[in-house]
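Here the structure comes first, spelled out in structure tokens, and everything after it is commentary.
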Amino acid sequence: MLVKVEAATLNYRDLAVLGGDYIKGLPLPYVPASDACGTVAEIGPGVSRFKKGDRIIPIYTQGWHDGKPTPEQRAKRTLGAPLAGVLQDYIVIPEEDAVTPPSHLTDVEAATLPIAGLTAWSALNEANIKSGDDVLLQGTGGVSLFALQFAKLAGARVTILSSSDEKLARAKALGADFGVNYRTSPEWDVEVKRLTNGRGADIVVETIGSSLGKSLSAVAFGGTISVVGFVAGYSTELNIRQLIGPLVNIKGIAVGSRRGFVDMNRAIATAGIKPVVDKTFDLSEAASAFNYMKIGAHFGKIAITI
């Protein structure tokens, strides 16, 4: 299918790719960004899942439809590196590698879903979230705010970390039960234990990476740490006793399959969830959009209209 790109959104991964250390030797020229919503402009012979004029969202890992992805799909079939990204007027997408967005979302809102939305959805559901769980989220970027909305939908209690009291107040307005400023409370793991009456969080959505040691201190006995990001680096030190004694599960999350995307979209549509978009740039301002993400001032997603 030939797809007219209407809007795209940025992820921290895009910054890492542009920095040159996330994927070595990426051939140039290169088109960045993985997440988009667009309109089918033309269809090829045999296309039956979509028709001209339909709105679609490409899936991030092309070819991953259900179950687990293959190593080849993870290494070679992801949009925005090594496959060409979506910051262009048109892209070509196989019909089996796209989904229909929830009808109540705008193009910009729908473009937030492929990585941030589905990563949050996978992080919680693969940890078997249930009503009454305590969930710990780190920061107020796209993944964390989606996880906040999905966790509240599941009936969980949410604690969120940020270095900004203003952002914590906004997160509470979205439904967060507790906010912890990790600059004024550097021992935030101790504070999380206090807020959960000593139990700790049943699920930690780890977006920082280097904070894994503190997440192990904050997680409940038998709890799960879903590792989804590395905004503060790729390395961390671990005390193995923190894993073995309290029977903690550490699970790496690789966004999600097309099947998971469809399930998530159904939940979003049923609950009327609206993604949080901080700021929208024009394609001609793409460099400014990346710089805005780099300084970390955003609350939610950064979008680019095409």
Side-chain angles (χ1 to χ4, degrees), residues 12 68 113 115-162 167-168 171-172 174-180 182 185 187-232 236 238-239 242-257 260-261 263-264 267-268 271 273 275-276 300:
Y12 184 79
K68 293 182 179 180
L113 300 178
I115 288 184
L118 191 51
T119 296
W121 177 264
S122 300
L124 296 176
N125 281 278
E126 292 188 29
N128 299 312
I129 190 171
K130 62 186 182 299
S131 180
D133 277 351
D134 274 293
V135 175
L136 173 62
L137 307 175
Q138 299 172 338
T140 54
V143 173
S144 290
L145 293 188
F146 270 118
L148 167 58
Q149 292 173 295
F150 293 148
K152 297 308 295 182
L153 184 63
R157 187 168 63 166
V158 175
T159 300
I160 195 162
L161 307 178
S162 175
K167 288 182 178 181
L168 289 174
K172 287 183 178 180
L174 284 173
D177 297 277
F178 306 111
V180 177
Y182 62 80
S185 299
E187 302 302 317
W188 53 260
D189 49 335
V190 175
E191 181 65 8
V192 170
K193 280 288 185 73
R194 185 188 71 80
L195 292 170
T196 56
N197 298 316
R199 288 185 63 254
D202 299 286
I203 302 171
V204 179
V205 180
E206 175 71 44
T207 57
I208 298 174
S210 63
S211 69
L212 195 52
K214 282 197 173 182
S215 292
L216 282 167
S217 296
V219 73
F221 186 94
T224 297
I225 301 175
S226 294
V227 182
V228 306
F230 46 85
V231 297
T236 189
L238 296 181
N239 181 339
Q242 291 179 291
L243 282 168
I244 299 172
L247 305 179
V248 174
N249 303 294
I250 297 181
K251 187 171 183 61
I253 302 298
V255 185
S257 66
F261 207 155
D263 291 344
M264 177 189 71
I268 288 172
I273 288 173
V276 179

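Since this is a predicted model, take the numbers as computed values, not measurements. Note that these values count all heavy atoms, side chains included, but never hydrogens, waters or copies made by symmetry.
- The closest donor-acceptor contact from the side chain of Ser122 to the backbone of Val255 lies under 3.5 Å.
- Between the side chain of Asp177 and the main chain of Val158, a donor-acceptor pair closer than 3.5 Å is present.
- Annotation: side chain of Ile160 is in contact with side chain of Leu145 (closest heavy-atom distance under 4.5 Å).
- Atoms OG and CG, from Ser162 and Leu137 in turn, are 12.0 Å apart once rounded to the nearest 0.5 Å.
- Nearest heavy-atom pair, Val219 versus Leu216, reported as atom, atom and distance to 0.1 Å: CG1-O, 3.4 Å.
- Val180 is listed as a side-chain neighbour of Leu195, based on a closest heavy-atom distance under 4.5 Å.
- Here CH2 of Trp188 is found 10.5 Å from OH of Tyr182. Values are rounded to the nearest 0.5 Å.
- Considering only heavy atoms from C-beta on, Leu113 comes within 4.5 Å of Phe146 through its side chain.
- Put simply, CG on Asn249 and CD on Glu126 are 12.0 Å apart, with the number rounded to the nearest 0.5 Å.
- In this structure, Trp121 and Ile268 have side chains that are not in contact, with every pair of non-hydrogen atoms separated by 4.5 Å or more.
- The distance from atom CG of Asp263 to atom OG of Ser257, rounded to the nearest 0.5 Å, is 7.5 Å.
- Taking NZ of Lys193 as the start and CG of Asp189 as the end, the distance is 8.0 Å to the nearest 0.5 Å.
- Closest approach of Ser226 and Ala123 over heavy atoms only: OG-O, 2.9 Å.
- Here the shortest heavy-atom pairing between Leu168 and Gly179 reads CD2-CA, 3.8 Å.
- Here the closest non-hydrogen pair linking Pro246 and Gln242 is CG-O, 2.7 Å.
- Taking CG from Leu148 and OG1 from Thr159, the interatomic distance works out to 10.5 Å, rounded to the nearest 0.5 Å.
- Contact record, Leu136 with Ala201: CB-CB, 3.8 Å, taken as the closest heavy-atom pair.
- Counting only residues at least two apart or in different chains, side chain to side chain donor-acceptor pair (under 3.5 Å) contacts with residues 128-137 comprise Lys130-Asp133, Asp134-Arg157.
- By the side chain to side chain donor-acceptor pair (under 3.5 Å) test, Glu206 is found to be paired with Gln138, Ser211, Ser215, residues two or more places apart in sequence or in another chain being considered.
- Val135 and Ala151 make their closest contact through CG2-CB, 4.3 Å (heavy atoms, listed as atom of the first residue, atom of the second, distance).
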